[in-house]
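Have a look at the structure below before the remarks.
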Amino acid sequence: MPIPLVNSIASWFLKKRFHQIELFLKYPNEVQNELLFSLLDTAKDTQIGKQYDFTSIKNYKTFSERIPIVSYEDIQNDIEASRQGTQNIFWPTPIKWFAKSSGTTNAKSKFIPVSVESLEDCHYAAGKDLLCMYLNNNEDSQLFTGKSLRLGGSKELYKENGTAFGDLSAILIDNMPFWAEFSSTPSNKVSLMSDWEYKMQAIVDETINENVTSLAGVPSWMLVLLNNVLETTGKQNILDIWPNLEVYFHGGVSFVPYMDQYKSILPSKNFKYYEIYNASEGFFAIQDQNNTSELLLMLDYGIFYEFIDMSTYGTPQEKVIPLSDVEKDVNYAVIITTNAGLWRYKIGDTIRFTSLSPYRIKVSGRTKHHINVFGEELIIENAEDALKDVCKKTNAEIIDYTAAPIFMEGKEKGSHEWLIEFKTPPVDINNFKQLLDSALQSLNSDYEAKRFNNITLNQPKVNVARPQLFYDWLKKKDKLGGQHKIPRLSNSRDYLDELLELNN
């Protein structure tokens, strides 16, 4: 199909969709309220709908008082029953797919229900919206002259009891229309390979001669792939291989630690980076402007949002609020009710609102991935921003890192211990440590208060990881590729001690 025609079709779809987007931009709380009651009405005859008498819920107050906030462990038995083939438990249409996700590198797997509605009205709808927004902001785009290199999960789909489970990316690829494969690379066969290391080379071999115009995948693993591409071809930068490459759509982990490495292998001021915020549970937000780190919260994908101020999270004072009550620059835990039958479900992510009109956000971390042993409330966003600042000052580049507390012992005060794998190490690691400490204090007043005169916290300890340490650790746990991530911050030393042992 000629590119002008493709762009015309995309433009037509864009204009049609923008009327709907404008609706939730203008009336966000009304759209969310209407969506909530649509979800309740749809599921009123399910087991959970009858248990909590969805029919009699007439306002948000009753909804919030009657239906409890849940974690995965609370609904695990219902999900397992659904996986075994029992239907109409939490959603009326058949749940055929379950996205297998660890969320973190914990051994326990989660099986997140994926309904026809969430597949079509959330995940696929978001993919279309992402392209629409990008094309709207970049009218001279040549995106459709080539293919999108997608880097999905490393697990095949496994089928049993009439249901299927696997990485969300595998479910999406498996259910895409046949024509979608023509605009993507590698082939579905290679994309769904389960052996991650073999798959990486297969992707390189299959894509290096294609006309790739866009990239899509998790930053940490995409970087591994692109470095493999350079090694295989002997080229100095990626644009020597794919000269028409124009945008990278990324999500899953913070892009901050990887930005400089991407810029070094994609040396073009015109190259675009577009961030998305999605998970196995749903697609939540999209970067809707060029050159920004803010994401537009998408309010009509069949997801009703609630939030908990992290300063009260897990305490007797914990309070859950709807979107209409949020404030800017407060760190919130995200609670979702979805068109796949998740009701008031804690997804484990934290976000900050950067704008309330429209509702734009930044992902700040995980509810469990922070360090707050000494009242310092150190979140991933603080760590990423501090490391970026220090790397700039010391000309260092980081591949991966993790941090955990050193607990108080006797009269010895506590501190934080970091393990960092560098691509380009700093000349003076002690200077790096001092700059990191100062940067964290400037970004986090609680951390600064605990560090003042070493009142509670001593200066942090920084260890340099050997090359490939984090990769080897993930491989040892059979968690290479896809959605598996290094736990950045933790209140326990479990991850760090394992890694330090492997580092010796």
Side-chain angles (χ1 to χ4, degrees), residues 100-110 151 153-155 167 194-201 218-228 231 252-254 256-258 261 348 365-366 368-371 373 378 380 383-384 386-387 390-391 394 396-407 409 414-426 428-430 432-433 436-437 458-504:
K100 186 179 179 182
S101 168
S102 58
T104 67
T105 48
N106 290 339
K108 182 188 289 185
S109 294
K110 297 178 181 178
L151 183 58
S154 57
K155 299 294 182 187
D167 275 5
S194 57
D195 186 321
W196 182 256
E197 292 182 298
Y198 182 75
K199 168 181 169 175
M200 286 296 267
Q201 192 56 48
V218 176
S220 51
W221 295 110
M222 181 61 77
L223 192 60
V224 173
L225 173 65
L226 295 181
N227 283 325
N228 283 351
E231 187 176 338
V253 299
S254 170
V256 173
Y258 305 103
Q261 293 179 64
R366 299 278 297 170
K368 292 181 179 178
H369 289 186
H370 62 282
I371 305 180
V373 173
L378 185 69
I380 291 174
E384 305 283 11
L387 288 169
V390 177
C391 282
T394 60
E397 285 184 297
I398 289 174
I399 294 173
D400 263 315
Y401 74 90
T402 193
I406 298 176
F407 295 100
E409 195 169 320
S415 64
H416 292 174
E417 185 168 10
W418 295 72
L419 180 60
I420 304 175
E421 182 181 342
F422 292 96
K423 181 181 179 184
T424 306
D428 184 345
I429 194 67
N430 193 52
F432 183 95
K433 176 182 71 175
L436 176 61
D437 185 34
N458 285 326
Q459 193 176 61
K461 179 179 180 181
V462 175
N463 304 292
V464 177
R466 63 167 173 79
Q468 294 281 100
L469 173 68
F470 290 96
Y471 185 92
D472 291 345
W473 184 67
L474 287 170
K475 184 177 180 180
K476 184 180 176 184
K477 291 180 169 290
D478 191 29
K479 293 188 178 294
L480 286 179
Q483 298 167 324
H484 300 300
K485 309 157 193 171
I486 299 297
R488 300 301 199 192
L489 306 176
S490 177
N491 272 335
S492 81
R493 290 186 57 87
D494 294 347
Y495 301 126
L496 182 63
D497 285 342
E498 279 186 26
L499 283 156
L500 286 171
E501 186 175 345
L502 200 60
N503 196 43
N504 292 331

Carefully, step by step, assess Tyr471 and Ile399 under the rule side-chain contact (heavy atoms from CB on, under 4.5 Å). CA-CA 10 Å; Tyr471 185 92; Ile399 294 173; over 6 Å; no
So, do [X] and [Y] sit near enough that their side-chain heavy atoms are less than 4.5 Å apart?
{"X": "Asn458", "Y": "Ile406", "answer": "no"}
{"X": "Leu151", "Y": "Met222", "answer": "yes"}
{"X": "Leu419", "Y": "Asp400", "answer": "no"}
{"X": "Arg466", "Y": "Asp472", "answer": "yes"}

[X] versus [Y], closest heavy-atom pair with distance:
{"X": "Ser415", "Y": "Gln459", "answer": "CB-O, 3.7 Å"}
{"X": "Trp221", "Y": "Met200", "answer": "O-CE, 3.8 Å"}
{"X": "Leu489", "Y": "Leu378", "answer": "CD1-O, 3.6 Å"}
{"X": "Pro405", "Y": "Ser490", "answer": "CD-O, 3.1 Å"}
{"X": "Pro487", "Y": "Thr402", "answer": "O-OG1, 2.5 Å"}
{"X": "Asn491", "Y": "Ile371", "answer": "OD1-CA, 3.2 Å"}

Would you give the length of the straight line joining atom CG of Leu496 to atom NE2 of His416, rounded to the nearest 0.5 angstrom?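 Reported to 0.5 Å precision, the distance equals 12.0 Å.
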Rounded distance [0.5 Å steps], CH2 in Trp473 versus CG in Leu502: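 Atom-to-atom, Trp473:CH2 and Leu502:CG are 9.5 Å apart.
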Quick one: do Asn430 and Val462 satisfy side-chain contact (heavy atoms from CB on, under 4.5 Å)? Show the steps, please. CA-CA 8 Å; Asn430 193 52; Val462 175; over 6 Å; no
Please assess Ile420 against Leu387 for the test side-chain contact (heavy atoms from CB on, under 4.5 Å), listing each intermediate value before the final yes or no. CA-CA 10 Å; Ile420 304 175; Leu387 288 169; 4.2 Å; yes
Mark yes or no for whether [X], through its side chain, and [Y], through its backbone, hold a donor-acceptor pair below 3.5 Å.
{"X": "Asp437", "Y": "Lys433", "answer": "no"}
{"X": "Thr424", "Y": "Ala396", "answer": "no"}
{"X": "Thr394", "Y": "Pro426", "answer": "no"}
{"X": "Gln261", "Y": "Ile398", "answer": "yes"}
{"X": "Asn463", "Y": "Trp418", "answer": "yes"}

Please indicate whether Phe407 has more than 12 foreign heavy atoms, meaning atoms of other residues, nucleotides or ligands, lying under 6.0 Å from its CZ.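 Counting other residues, nucleotides and ligands, CZ of Phe407 exceeds 12 neighbours.
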Charged N to carboxylate O below 4.0 Å: is that the case for Glu498 and Arg493?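 Salt bridge: no.
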Please confirm whether Tyr401 and Phe422 have ring centers closer than 6.0 angstrom.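 Tyr401 vs Phe422: aromatic centres not under 6.0 Å.
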